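Just below is one structure, and these are the notes that go with it.
Note that the structure is a prediction, hence the values are computed from the model and not measured.
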Amino acid sequence: MPVSPHLYLIDEVLPPPGQPDFSQLLKVLAHEVPDRPTLFEFFLNDRLHQKLSGIEITQDMDWLSIQLVRMKAFERAGYDYLTILIPGMAFRNVDIHREESVSQNEGVVIYDHESFESYEWPEPDTLDYGLLDELGKHLPEGMKLIVWGPGGVLENAIELVGYENLCLLIMDDPKLAEKIFGEIGSRLLRYYELAVQSGAVGACISNDDWGFKTQTLFSTTQMRKFVFPWHKKIAEVIHDAGKPAILHSCGYFGKVIDDVIDDMKFDGRHSYEDTIIPVEEAYEDYHERLAILGGIDLDFICRSSPQDVYERSKEMLERVKGRGSFAMGTGNSVPEYVPDEGYFAMIRSVLDMR
């Protein structure tokens, strides 16, 4: 593999990560104290993949080769796993116009019973789940895969129907709305049911954004009717395989956190934002019932100096010391706009304590 032109001397930026050990994340998800500080992230970006791995990602690389670069990057950064999306499954809609943001009402393909009946739904049984075992052959000792999904129950419903349209549909034709959620939910359920069978998989993430700063996208009653039952079933099939189920969901969650913990029974939750609830407060409120994953606010990382990011991360690690149920990471993920220096400062707080 070619050496990345983006590579700089990562060993001068980050201390050695030590040997991967997925059992440490399992302890966090079991609300126990890991033997050393542990990292959690949903995804990074290709610039970081290249810097951390020292390998250039080129257009002629196949899927497996790209995942091997990502694996090397996750290992060098100090993660005990690699997050992975099985290729080939998508709830397709038409091309939509994108600029700085994207409308949640463009590109809809289902708007009545006729369009629902004619829509070509993806079939999870047609995917190549053997890719997980193939990738597992290359995992460093102690490392596992964490599978995530092709969007979530609510996210895909909004993409197919449109947000405002779905709001009206739930009120005007709840039976059709229930059918749409059912087609999406049942296929995601089957996706996880098949994926979790691989011995290389250590856990799964059910990723589905539910809200914004002040509330969920739909009323709690509607969420409990149309969305939550499918997440409960997804968590059940993951647990039936003897593996933890993680929820990644952005937005306000105060009125549904008991559903997440007591009904859906997720082991850990990811995505926190200071304008909703700082991770420090979320930890104090919920860590005895739910593993708190990540949480250092993305806006804070983007706007703050690396030293301030390091200090806040270090203070968070001191807060949770001896109490467990926490893994360090960003509040959401590490997209391209996040400064590398801020991200490195955050993970260095963990590696310095190993």
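Not one N or O on the side chain of D308 forms a donor-acceptor pair closer than 3.5 Å with the backbone of S304. Of the possible polar contacts, none joining the S198 side chain to the A195 backbone as a donor-acceptor pair under 3.5 Å is found. Remark: the backbone N or O of V196 is paired with a side-chain donor or acceptor of K243 at under 3.5 angstrom. S325 contributes a side-chain N or O that, together with a main-chain N or O of H287, makes up a donor-acceptor pair within less than 3.5 Å.
Under a 4.0 Å N-O distance rule, the pair R312/D274 qualifies as a salt bridge. Ion pairing of K144 with D21 is absent here, as no side-chain N (NZ or NE/NH1/NH2) approaches a carboxylate O to less than 4.0 Å.
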- Message: The test is salt bridge (charged side-chain N to carboxylate O under 4.0 Å, His left out); show your working for D258 and R289 and say whether it passes.
- Response: CA-CA 10 Å; D258 289 337; R289 304 168 60 204; 3.1 Å; yes
- Could you walk me through whether R323 and E288 pass the salt bridge (charged side-chain N to carboxylate O under 4.0 Å, His left out) test, one step at a time? CA-CA 9 Å; R323 302 167 73 189; E288 293 182 354; over 6 Å; no
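Taken to the nearest 0.5 Å, the CG atom of D133 stands 9.5 Å off from the CG atom of D128.
Aromatic pair Y191/W148: ring centres not closer than 6.0 Å. Note: Y119 and W121 meet the aromatic proximity criterion, with ring centroids under 6.0 Å apart. Ring centroids of F22 and Y79 are separated by 6.0 Å or more, keeping the two rings apart.
Side-chain contact check for T330 and N332: no donor-acceptor pair (N or O, by modelled atom type) lies under 3.5 Å.
At least one test fails for R319 against the ring of Y283: distance under 6.0 Å to the centre or angle within 45° of the axis.
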